Amino acid sequence: MTGITYEDFLDLSYEPSDADLVCEFHVEPAADMEIEAAASRVASESSNGTWAELQVEECVDLSATACDIDGSRVTVAYPDALFEPGNMPQVLSCIAGNIMGMKAVERIRLLDCRWPEGLATSFPGPQFGSRVRDEIFDAGDRPILATVPKPKVGLPTKEHVRVGREAWLGGIDLLKDDENLTDQSFNPYEDRLTESLAARDEAEEATGESKSYLVNVTGPTHDMLERVDRAAEEGCEYVMVDVVTTGWGAVQTVRDACESHGVAIHAHRAMHAAFDRIETHGVSMRVIAQLARLCGVDQIHTGTADLGKLANEDTVGINEWLYSDLYGLRDVLPVASGGLHPGLVPELVSRVGTNVCIQAGGGIHGHPGGTHDGAKALRQATDATVAGVSLEEYATDYPELAVAMEKWGTETPR
Ligand SMILES: O=C(O)[C@H](O)COP(=O)(O)O
Ligand SMILES: [Mg+2]
């Protein structure tokens, strides 16, 4: 019999192998504990140890190793055999499981992961990623533009569709449901789906542009699968899933269903801030975005680089990771959303570039001239930015943009 104690999980001379999943944590030890002890407890509890010395007769060596400590930054390397390939809930129950509530740490945050090839490619990754720009739209070099009818809930189906039609006709590419609109009595899923797609066809005919609608299929997994089937049958190119509230196992299931229909997934991140807003605890948005890419969403909200209404982690760094090479898995199109309006577009594009989707809800439907003018103003601001013309200059020829600038200027909302 061999005794396994948590000290066995610390080896500062260990060099992670290419097959290891390497995780960076911020760790604040409990008041009576040294960082080395807390680091080894993290490695132990997240792999095959526990608080007590275990008497083991036979066990496959799946131990994680705390292999570097730099101030509060702790690196832990996990052997690939610890993980079930293609099972994101299982991976997270290791690297972001019990350790998040363990008394040995006062605070712990999973900051970043280096995914080994074997584990990463056991997931499908996105079907389309930023190829949606060409395969679903024809937006050229400019960002794709999206809108959510506002108020986010309460619009009856006919009004929701009317607002969507106005937005498409004004120059928006993508009509999107909001995160808490699914299948409520005031706007049932089936009616909204079919009527929105009819309006999409009209808008395509009228504008000569490709338009798309993404319907929110979020719900219990069996309902989501039925909703994906219906969306595909009716000719939707996209569905939306609230990936954090839904959970990663369900996202994986929906991803498989979407592949069989060739339908893309827009990931809304509602509730991410419960994990990532406190900077010293939880799971970073960077890691949440990594999970989403591996599980196979095609686009995901990553913030507005601090220009919008929601608190943001490093949008630019997260977007770079989403575009980066990952063993041939497709990239993910980042979505900037939350408090955006036309006046913020030039600065947003200077921070995040044009290979993004820009979503504005209030920044379109709050336009004094209504949704149609608001959509025109957002499109004008985008066209001006891509052409390198200032909004002030462009607005002299485009009254809808002038009105938006008069109303909001370049202010950051709260
Ligand atoms: O889901 C979203 O991202 C929000 O609905 C954004 O809405 P807003 O553009 O009105 O802030
Ligand atoms: Mg929303």
Side-chain angles (χ1 to χ4, degrees), residues 132-133 136-137 139 142-181 187 192-193 195-197 199-204 206-207 209-216 236-240 242 264 266-270 299-304 307-310 333-345 348-349 356-383 385 400-401 403-404 407-408 413:
V132 295
R133 295 170 56 85
I136 298 179
F137 302 103
R142 67 168 170 82
I144 291 170
L145 302 180
T147 194
V148 175
K150 298 283 174 174
K152 55 173 83 184
V153 285
L155 299 182
T157 307
K158 288 219 168 335
E159 180 59 8
H160 186 103
V161 173
R162 184 194 69 76
V163 169
R165 183 187 295 107
E166 293 295 302
W168 275 318
L169 293 173
I172 296 304
D173 305 295
L174 182 57
L175 176 69
K176 175 178 114 44
D177 286 349
D178 222 333
E179 68 279 356
N180 54 353
L181 177 64
N187 193 350
R192 188 170 74 255
L193 173 68
E195 293 179 32
S196 297
L197 290 174
R200 175 203 61 184
D201 294 345
E202 287 163 33
E204 285 193 331
T207 60
E209 295 182 343
S210 299
K211 306 289 182 185
S212 195
Y213 169 52
L214 59 86
V215 62
N216 185 3
C236 260
E237 293 93 357
Y238 272 105
V239 295
M240 177 170 112
D242 296 344
H266 174 103
H268 196 293
R269 60 176 181 162
Q299 49 194 58
I300 185 169
H301 294 224
T302 60
T304 57
L307 291 166
K309 72 180 182 187
L310 302 170
L333 185 72
V335 179
S337 176
L340 294 177
H341 59 74
L344 293 172
V345 170
L348 178 69
V349 168
V356 293
C357 173
I358 298 176
Q359 190 290 135
I364 284 182
H365 313 293
H367 188 287
T371 295
H372 188 249
D373 282 7
K376 285 178 93 170
L378 187 74
R379 178 70 175 267
Q380 290 157 3
T382 306
D383 290 343
T385 302
E400 297 85 4
L401 179 59
V403 171
K407 182 161 180 71
W408 292 306

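This is a predicted model, so every value here is computed, not measured.
Partner E400 forms a side chain to side chain donor-acceptor pair (under 3.5 Å) with one of Q380, R379, H372 and no other, that one being Q380.
Judged by distance alone, with hydrogens and angles left aside, the side-chain atoms of D173 form a donor-acceptor pair with the main-chain N or O of L145 at under 3.5 Å. No donor-acceptor pair closer than 3.5 Å links the side chain of R165 to the backbone N or O of A199. In terms of modelled atom types and a separation under 3.5 Å, the side chain of K211 and the main chain of W168 share a donor-acceptor contact. Between the side chain of T147 and the main chain of A360, a donor-acceptor pair closer than 3.5 Å is present. With hydrogens and angles disregarded, a donor-acceptor distance shorter than 3.5 Å links the side chain of R133 to the backbone of R142. When atom types are taken as modelled, the side chain of Q359 and the backbone of V148 share a donor-acceptor pair closer than 3.5 angstrom.
Atoms NE2 and OG1, on H160 and T157 in that order, are 8.0 Å from each other to the nearest 0.5 Å. Within the model, atoms CG of L181 and NZ of K152 stand 10.5 Å from one another, a figure rounded to the nearest 0.5 Å. Note that CG of D242 and NE2 of H266 are 9.0 Å apart. Values are rounded to the nearest 0.5 Å. Atom NZ in K176 sits 13.5 Å away from atom OG in S196 (nearest 0.5 Å). One finds the NE2 atom of H341 at 11.0 Å from the CG atom of L348 (value rounded to the nearest 0.5 Å). Atom CG of L378 sits about 4.5 Å away from atom OG1 of T382, to the nearest 0.5 Å.
You'll find the side chain of L310 stays beyond 4.5 Å of the side chain of T304, heavy atoms only. Between K150 and D178, the closest side-chain pair of non-hydrogen atoms falls below 4.5 Å. Contact check for F137 versus E237: no side-chain heavy atoms found under the 4.5 Å cut-off. Side-chain contact check for L333 versus I144: some heavy-atom pair is nearer than 4.5 Å. By the 4.5 Å heavy-atom criterion applied to side chains, P149 and L175 are counted as neighbours.
Summarising the geometry of N187 relative to L155, their closest heavy-atom pair is ND2-O, 3.3 Å, with the distance given to 0.1 Å. The two atoms that bring Y213 and C236 nearest to each other are O-SG, 3.7 Å, heavy atoms only. Considering all non-hydrogen atoms of both residues, T385 and V349 come closest at CG2-CB, 3.8 Å. Taking each heavy atom of L344 and G339 in turn, the nearest pair found is CD1-O, 3.7 Å. Smallest separation of non-hydrogen atoms from A381 and P342: CB-O, 3.5 Å.
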**OP:** Run the numbers on K407 and H367 for side chain to side chain contact (heavy atoms under 4.5 Å, CB included), then give the verdict.
**Re:** CA-CA 8 Å; K407 182 161 180 71; H367 188 287; over 6 Å; no
Subject >> Audit row: D177, L214, side chain to side chain contact (heavy atoms under 4.5 Å, CB included) steps and yes/no >> reply: CA-CA 7 Å; D177 286 349; L214 59 86; 5.6 Å; no
Subject >> Test side chain to side chain contact (heavy atoms under 4.5 Å, CB included) applied to I136 and S210, step by step >> reply: CA-CA 7 Å; I136 298 179; S210 299; over 6 Å; no
**OP:** Before giving the answer on side chain to side chain contact (heavy atoms under 4.5 Å, CB included), spell out for L174 and Q299 the whole-Å C-alpha distance, their side-chain angles and the decisive distance to 0.1 Å.
**Re:** CA-CA 13 Å; L174 182 57; Q299 49 194 58; 3.8 Å; yes
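Between H301 and H268, the ring planes are tilted. Angles from 30° to 60° get that label.
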